[in-house]
Amino acid sequence: MNHSLETRATVLLLLPVALLLLAFFAWPLALVGWNSIYNTSTGALTMQAYRELSTSTLFYRVLGNTLQISVVATLVSLVLGYIVALHLARLEPRRRTPYLMLVMLPFWTSILVKSFAFTVVLGDRGLVNQLLVWVSSGFEGGPLRLELLFNRVGVIVGMTNYLLPFMVFPIMASLLSQNESLKRVAEIMGAGPIRIFLRITLPLSLPGVLAGVLMNMTLAMGMYITPALLGGRRDMMMANLVDFYTRQTLDWNLASAIAIVLLVLSGIFIAALLRVQRPEVILR
């Protein structure tokens with residue numbers, strides 16, 4: 001009797017969320033899939049959009065850009081995020097709180113506003129270049145300026161700023177859950193800080209690392225605003241290509257097919273990481 005009541009209560013609690021996902025996720029996704037194979041002019045089902053993608057040089061070039069930018073942004077976020085998470089994990093809870101607020105600061109600002117702010121920071125007369133000009137003005141060769149905007153560098157910087165919190169928090173959670181007695185035992189056995197990190201801290205933090213990589217990679221592959229505002233013509237990503245086909249050429253079949261391909265690629269990546277993230281694989 002109690003088991004049936006618990007099951008009924010669980011179903012009632014999950015029902016609103018299930019209806020919400022069905023209405024705002026599953027149904028729109030099904031419409032996108034339908035649009036990718038339904039030709040409105042002939043009223044027939046066709047795979048013409050996918051055949052066009054398979055022979056499109058533009059699609060393969062943008063797909064390569066998407067994978068390259070996503071991987072680089074994820075790796076940069078991983079290096080910076082691990083350093084920040086390691087520092088935060090070593091602080092006392094009272095001292096950790098203000099730093100956590102700084103890490104969460106990107107969540108409080110719209111990604112559109114942040115991308116426009118980076119045009120001020122990274123522009124030819126932005127803060128970074130003004131500092132470089134001031135530092136290099138006394139050296140031979142004159143003032144130094146770097147092209148940091150409307151290229152791959154600007155895209156990576158903007159995406160890293162957005163993705164960094166998604167890397168810091170899962171890694172920090174893995175670091176905080178580690179048993180400190182393991183490190184003390186290693187110190188008693190004569191292990192140094194570097195050996196303790198490589199043999200204990202890093203392996204035990206891999207679940208958090210893989211969770212952060214999973215979130216960052218999937219978010220990066222669907223980025224739209226940052227490459228559109230901070231990148232150049234050679235930095236177009238898949239989401240920007242979808243926008244091009246929906247607003248410029250009005251080819252909804254091709255745009256829907258690109259969206260489905262991006263969804264499949266994200267699903268494959270998630271499945272691969274979840275396979276690697278299993279405890280028996282990590283600790284093997």
Side-chain angles (χ1 to χ4, degrees), residues 58 61-88 96-169 171-172 212-213 215-244 247-248 262:
L58 175 62
R61 185 180 303 167
V62 173
L63 178 60
N65 288 342
T66 302
L67 294 177
Q68 291 176 13
I69 294 174
S70 301
V71 169
V72 173
T74 301
L75 291 178
V76 174
S77 301
L78 174 59
V79 174
L80 297 178
Y82 201 102
I83 295 173
V84 173
L86 189 62
H87 175 70
L88 294 177
R96 189 186 303 137
T97 302
Y99 292 104
L100 289 176
M101 295 178 63
L102 292 177
V103 174
M104 294 178 63
L105 196 60
F107 288 133
W108 303 345
T109 309
S110 168
I111 186 173
L112 180 62
V113 175
K114 287 186 294 185
S115 297
F116 273 115
F118 273 114
T119 62
V120 178
V121 176
L122 303 177
D124 186 58
R125 297 186 178 274
L127 299 178
V128 176
N129 275 315
Q130 289 294 337
L131 179 61
L132 289 175
V133 169
W134 178 74
V135 171
S136 62
S137 58
F139 294 94
E140 184 180 356
L144 175 64
R145 293 181 184 272
L146 297 178
E147 292 291 335
L148 302 175
L149 200 59
F150 307 127
N151 53 27
R152 189 66 56 91
V153 176
V155 176
I156 297 299
V157 171
M159 290 177 63
T160 301
N161 174 265
Y162 176 78
L163 298 172
L164 195 58
F166 296 98
M167 188 68 74
V168 171
F169 286 111
I171 295 177
M172 187 181 66
V213 169
M215 287 189 291
N216 279 31
M217 193 66 183
T218 52
L219 289 172
M221 291 179 66
M223 281 282 190
Y224 167 71
I225 294 177
T226 302
L229 293 180
L230 303 180
R233 289 180 297 177
R234 297 183 179 180
D235 303 307
M236 177 183 288
M237 298 181 66
M238 294 284 279
N240 305 111
L241 189 60
V242 172
D243 174 71
F244 171 76
R247 293 199 305 142
Q248 302 296 327
L262 183 60

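Note that these values count all heavy atoms, side chains included, but never hydrogens, waters or copies made by symmetry. As the structure is a computational prediction, the values presented were derived from the model and not from experiment.
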Self-check item: Set of residues satisfying side-chain contact (heavy atoms from CB on, under 4.5 Å) with respect to Met217, sequence neighbours excluded
Solution: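 In terms of side-chain contact (heavy atoms from CB on, under 4.5 Å), with neighbours along the sequence ignored, Met217 is linked to Ser70, Val71, Thr74, Met221, Phe269.
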Quiz prompt | Results of side-chain contact (heavy atoms from CB on, under 4.5 Å) for Val120 - residues two or more places apart only | solution =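 With neighbours one apart ignored, the set is empty.
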Roughly how far apart are [X] [atom1] and [Y] [atom2], rounded to 0.5 Å?
{"X": "Thr226", "Y": "Asp235", "atom1": "OG1", "atom2": "CG", "answer": "12.0 Å"}
{"X": "Phe169", "Y": "Leu164", "atom1": "CZ", "atom2": "CG", "answer": "9.5 Å"}
{"X": "Thr97", "Y": "Leu88", "atom1": "OG1", "atom2": "CG", "answer": "10.0 Å"}
{"X": "Met238", "Y": "Leu67", "atom1": "CE", "atom2": "CG", "answer": "8.0 Å"}
{"X": "Met236", "Y": "Leu63", "atom1": "CE", "atom2": "CG", "answer": "13.5 Å"}
{"X": "Met167", "Y": "Leu75", "atom1": "CE", "atom2": "CG", "answer": "8.0 Å"}

Quiz prompt | Test side chain to side chain contact (heavy atoms under 4.5 Å, CB included) applied to Leu149 and Thr119, step by step | solution = CA-CA 7 Å; Leu149 200 59; Thr119 62; 4.0 Å; yes
Quick one: side chains of residues 98-117, donor-acceptor pairs under 3.5 Å with protein atoms, not counting sequence neighbours, listed by atom name and distance.
unit_1: Ser110; atom_1: OG; unit_2: Leu112; atom_2: N; d: 3.2
unit_1: Lys114; atom_1: NZ; unit_2: Pro106; atom_2: O; d: 3.0
unit_1: Ser115; atom_1: OG; unit_2: Ile111; atom_2: O; d: 2.8

Minimum heavy-atom separation for [X] to [Y], with atom names?
{"X": "Met237", "Y": "Ala220", "answer": "CE-O, 3.2 Å"}
{"X": "Ile171", "Y": "Gly81", "answer": "CD1-C, 4.5 Å"}
{"X": "Val155", "Y": "Gly231", "answer": "CG2-CA, 3.3 Å"}
{"X": "Leu163", "Y": "Ala73", "answer": "CD1-CB, 4.2 Å"}
{"X": "Gly222", "Y": "Ala239", "answer": "O-CB, 3.8 Å"}

In chain order, what residues pass the side chain to side chain donor-acceptor pair (under 3.5 Å) check against [X], with sequence neighbours excluded?
{"X": "Arg233", "result": "none"}
{"X": "Asn216", "result": "none"}
{"X": "Tyr162", "result": "none"}

Quiz item: Is atom CD of Gln130 surrounded by more than 12 heavy atoms (other residues, nucleotides or ligands) closer than 6.0 Å?
Solution: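 Atom CD in Gln130 is packed in, count exceeds 12.
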Quiz item: Do the non-hydrogen side-chain atoms of Asn65 and Arg152 ever get within less than 4.5 Å of each other?
Solution: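 Yes - at least one pair of side-chain heavy atoms lies under 4.5 Å apart.
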Quiz item: Can you check whether Asn151 reaches Arg234 side chain to side chain, under 4.5 Å on heavy atoms?
Solution: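 Not touching, per the 4.5 Å side-chain cut-off.
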Quiz prompt | Val153, Leu127, Val128 screened by side chain to side chain contact (heavy atoms under 4.5 Å, CB included) with Leu122, the one that passes | solution =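 The single option meeting the side chain to side chain contact (heavy atoms under 4.5 Å, CB included) with Leu122 is Val128.
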Quiz item: Can you check side chain to side chain contact (heavy atoms under 4.5 Å, CB included) on Leu132 and Arg145, steps first, answer last?
Solution: CA-CA 7 Å; Leu132 289 175; Arg145 293 181 184 272; over 6 Å; no
Quiz item: Is it true that a side-chain atom of Asn129 and a backbone atom of Gly123 form a donor plus acceptor pair closer than 3.5 Å?
Solution: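 Pair found, side chain donor or acceptor close to backbone of Gly123.
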Exercise. Show your reasoning for whether side chain to side chain contact (heavy atoms under 4.5 Å, CB included) applies to Val157 and Leu148.
Key: CA-CA 9 Å; Val157 171; Leu148 302 175; over 6 Å; no
Exercise. Dump the intermediate steps for side chain to side chain contact (heavy atoms under 4.5 Å, CB included) on Asn240 and Tyr224, then the final yes or no.
Key: CA-CA 6 Å; Asn240 305 111; Tyr224 167 71; 3.2 Å; yes
